[in-house]
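These figures come from a predicted structure and were not determined experimentally.
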Amino acid sequence: MDKRSCCLVLAAGEGTRMRSEAPKVLCEVLFKPMIGWVLDTVKNCGIKNTCVVTGYKSEVLKDYLSSQDNECEFAYQEERKGTAHAVMTALNFLQRYINTDILILGGDSPFIDEKTVKESYKLHLEKGNSATIITAMVENPLGYGRILRNQITEKVEAIIEEKDASLNQKKVKEVNSGMYWFKVRDLIDSLGDISEENAQKEYYLTSIIKIFIEKNLKVSAYKSLSSDIVLGANDCSQLQTLNEIARKNIIYNFLNEGVNIPCLDGVMIGKDVKIDPSTTILPNTILSGKTNIGKNCIVGPCCEIIDCTIGDGCDIKFSFCKKSSISENRVIGPFESITNRCNAFSVSI
């Protein structure tokens, strides 16, 4: 990644349908807020300069990001009037990076991945684009903006929303993820051209794409290999779907790396957990936080392990462990609790 590139994360939403008192982006997927997933990807891609647009309960979001040592700047969107309006609130940030490229992401898109970010930026640079839309192919595109391309050249001609699409256009399965690369200078120059002439009286980034095409600026799309990148959550039912997708992805990644999980029932493993090969995880076991488990361990059944380091060869069953370091070859349980301990043997409840 170009070290000069920057990122803007849109995270001002309230998420009314979540019925949560926290900002929407703090709703968790496998024990980690959605925006934490997004910012991990940004950091892993080597993007150093990031601004987060906050809104609803801004201080709560800032407190979380500070606790995670995320080096972010902030912009505040007092009125939520669309994605382009959110970008406008970060104008001071944009102007400092006017000669670079910016990645714009939603803070509630936890499955945006490192490969998609890097490969889309590579395309952006190779084509000399003013804008690169990150897209995906989905089996059921209902509700998504469709990417319309020239049938001969494959050039992007428009993004058309579901409500405006014809029957043939609704059959298109390439959809807009809502994530983009922009040349910052061209983005700033066109922000003032956006109209709020729509039913919602809001300003959308899709309008920027339309303006760029009308100005004959270079616009193309990068088609991600993962259809999951478009997924977000507007209510608890959709959030549960994200949790189930993430749960299965993480479990199968560990299976491919040599971790033995003979039965998936009740097994939940957080995004930041590390497990060495030849360890066995048994049913009804929850692993979360920055937990590290060595090799040749048996963990479970019926364990909860939070922010622990567990040495090689440990056997832990029917137990709760939190913020503890457990030396190798220890036997813990059944029915034991270990909290805030180093080199622990076991402590009975």
Original post:
Would you find a donor on one side and an acceptor on the other, under 3.5 Å apart, between the side chain of Q238 and the backbone of N234?
Top reply: yes
**OP:** Decide yes or no for E73 and V52: does some side-chain heavy atom of the first lie under 4.5 Å from some side-chain heavy atom of the second?
**Re:** no
Original post:
Would a hydrophobic clustering, with Ile, Leu, Val, Met, Phe, Trp and Tyr connected at side-chain separations under 4.5 Å, put V38 with I250?
Top reply: yes
**OP:** Taking atom CD of E78 as the centre, report whether more than 12 heavy atoms of other residues, nucleotides or ligands fall under 6.0 Å from it.
**Re:** no
Subject >> Y180 with I188, same ILVMFWY side-chain cluster at under 4.5 Å >> reply: yes
Original post:
Will you find, in the side chains of K215 and S190, an N or O donor that is under 3.5 Å from an N or O acceptor?
Top reply: yes
Original post:
Is it true that atom CD of Q68 has more than 12 heavy atoms of other residues, nucleotides or ligands lying nearer than 6.0 Å?
Top reply: yes
**OP:** State the CD1-SG distance between I316 and C302, to the nearest 0.5 angstrom.
**Re:** 14.0 Å
**OP:** Using side-chain contact (heavy atoms from CB on, under 4.5 Å) as the criterion, point out the one residue from V219, N176, I147 that pairs with I209.
**Re:** V219
Subject >> CG-NZ distance between L123 and K223, expressed to the nearest 0.5 angstrom >> reply: 12.0 Å
Original post:
How about Y76: does its OH atom have over 12 heavy atoms from other parts shown lying under 6.0 Å from it?
Top reply: yes
Original post:
T89 pairs by side-chain contact (heavy atoms from CB on, under 4.5 Å) with which of K81, E79, Q77?
Top reply: Q77
Subject >> Side-chain heavy-atom pair Y203, M88 within 4.5 angstrom cut-off >> reply: yes
**OP:** Taking all non-hydrogen atoms of both residues into account, name the closest pair between P262 and T280 and its distance.
**Re:** CD-CG2, 4.1 Å
Subject >> Test log, rule salt bridge (Lys or Arg N to Asp or Glu O under 4.0 Å), inputs E161 and R146 >> reply: CA-CA 6 Å; E161 300 303 323; R146 310 306 204 278; over 6 Å; no
Subject >> Donor-acceptor pair, side chain of K57 and main chain of E21, under 3.5 angstrom >> reply: yes
**OP:** Could you check L191 against V87 for side-chain contact (heavy atoms from CB on, under 4.5 Å), going step by step and ending with a plain yes or no?
**Re:** CA-CA 9 Å; L191 281 173; V87 173; 4.2 Å; yes
Subject >> Pair listing, ring-ring contact (aromatic ring centres under 6.0 Å, His included) test, anchored in residues 12-63, at least two apart >> reply: W37-F111
Original post:
Between D40 and K32, is there a salt bridge with N-O shorter than 4.0 Å?
Top reply: yes
Original post:
Taking R341 for the side chain and I326 for the main chain, is one N or O donor matched with an acceptor at less than 3.5 Å?
Top reply: no
Subject >> Option from C51, C7, C6 for which side-chain contact (heavy atoms from CB on, under 4.5 Å) with Y97 holds >> reply: C6
Original post:
Which value, rounded to the nearest 0.5 Å, describes the distance between K43 atom NZ and C72 atom SG?
Top reply: 10.0 Å
Original post:
Is any side-chain heavy atom of I275 less than 4.5 Å from a side-chain heavy atom of V273?
Top reply: yes
**OP:** Using a cut-off of 6.0 Å, state whether more than 12 heavy atoms not belonging to K271 lie near its atom NZ.
**Re:** yes
Original post:
Can you tell if the side chain of L187 reaches within under 4.5 Å of the side chain of I104, non-hydrogen atoms only?
Top reply: yes
Original post:
Could K48 and E71 be called an ion pair, given the rule that one side-chain N must be under 4.0 Å from one carboxylate O?
Top reply: no
Original post:
So does Q151 have more than 12 non-hydrogen atoms from other groups sitting under 6.0 Å from CD?
Top reply: no
Subject >> side-chain hydrogen bond (donor to acceptor under 3.5 Å, both in side chains) partner of D101, chosen from H124, K183, R185 >> reply: H124
Original post:
Which side-chain hydrogen bond (donor to acceptor under 3.5 Å, both in side chains) pairs, counting each pair once, include a residue from residues 299-320, with sequence neighbours left out?
Top reply: D315-K317
Original post:
Just how far is it from atom CG of D189 to atom CD1 of I211, taken to the nearest 0.5 Å?
Top reply: 11.5 Å
**OP:** Report yes or no: does N253 contribute a side-chain atom to a donor-acceptor pair with the main-chain N or O of N249 at less than 3.5 Å?
**Re:** yes
Original post:
With a cut-off of 6.0 Å (strictly less than), are more than 12 heavy atoms of other residues, nucleotides or ligands near NZ of K122?
Top reply: no
**OP:** Over all heavy atoms of both residues, which pair between V299 and C303 is shortest? Give the atoms and the distance, please.
**Re:** CG1-CB, 4.3 Å
Original post:
Just by distance, with hydrogens left out, do T132 and N129 show a side-chain donor and acceptor under 3.5 Å apart?
Top reply: yes
Subject >> Donor-acceptor contact present, side-chain N243 to main-chain L30, <3.5 Å >> reply: yes
**OP:** Measure across C236 and M18 and return the closest heavy-atom pair with its distance rounded to 0.1 Å.
**Re:** SG-O, 3.5 Å
**OP:** Could you tell me whether a side-chain N or O of S177 sits under 3.5 Å from a main-chain N or O of I229, the two making a donor and an acceptor?
**Re:** no
Subject >> Distance-only polar pair, side chains of H85 and E202, donor-acceptor under 3.5 Å >> reply: no
Original post:
Rounded to the nearest 0.5 Å, how far does CD1 of I338 lie from SG of C308?
Top reply: 8.0 Å
**OP:** Could you check if a side-chain atom of I261 sits within less than 4.5 angstrom of a side-chain atom of I269, using non-hydrogen atoms only?
**Re:** yes
Original post:
Which atom names give the shortest non-hydrogen contact between F74 and L65, and what distance separates them?
Top reply: CE2-CD1, 3.5 Å
Original post:
Would you say the side chains of K173 and N140 form a donor-acceptor pair under 3.5 Å?
Top reply: no
Original post:
Is there side-chain contact between K127 and K218, with heavy atoms separated by less than 4.5 Å?
Top reply: no
Subject >> Donor-acceptor contact below 3.5 Å, side chain T41 vs main chain I112 >> reply: yes
**OP:** Measure from the side-chain N and O atoms of S130 to the backbone N and O of D186, and report whether any donor-acceptor pair falls under 3.5 Å.
**Re:** no
Subject >> same_hphob_cluster(I133, I213) at 4.5 Å side-chain heavy-atom cutoff >> reply: yes
**OP:** Could you check if a side-chain atom of D108 sits within less than 4.5 angstrom of a side-chain atom of L10, using non-hydrogen atoms only?
**Re:** no
**OP:** Determine, stepwise, if the pair I306 / F320 fulfils side-chain contact (heavy atoms from CB on, under 4.5 Å).
**Re:** CA-CA 8 Å; I306 306 168; F320 174 81; 3.9 Å; yes
Subject >> Same cluster (ILVMFWY, side-chain, under 4.5 Å), M137 and L148 >> reply: no
**OP:** Give a yes or no on whether the backbone of L282 and the side-chain of T285 come within a donor-acceptor separation of less than 3.5 Å.
**Re:** yes
Original post:
What about V9 and V60, same hydrophobic cluster or not, with Ile/Leu/Val/Met/Phe/Trp/Tyr joined at side-chain heavy-atom distances under 4.5 Å?
Top reply: yes
Original post:
Under 3.5 Å, is there a donor-acceptor pair between the side chain of T83 and the main chain of L205?
Top reply: yes
Original post:
Nearest heavy-atom pair of L239 and E28: which atoms, and what distance?
Top reply: CD1-O, 3.7 Å
**OP:** Assess whether side-chain contact (heavy atoms from CB on, under 4.5 Å) is satisfied between I298 and T279, documenting all intermediate values.
**Re:** CA-CA 6 Å; I298 300 175; T279 277; over 6 Å; no
Original post:
At their closest point, which heavy atom of I310 faces which heavy atom of C297, and how far apart are they?
Top reply: CG2-SG, 4.2 Å
Subject >> Side-chain heavy-atom pair F182, L103 within 4.5 angstrom cut-off >> reply: no
Original post:
For atom CD of E154, is the number of surrounding heavy atoms from other residues, nucleotides or ligands below 6.0 Å larger than 12?
Top reply: yes
Original post:
Under 3.5 Å, is there a donor-acceptor pair between the D63 and S66 side chains?
Top reply: no
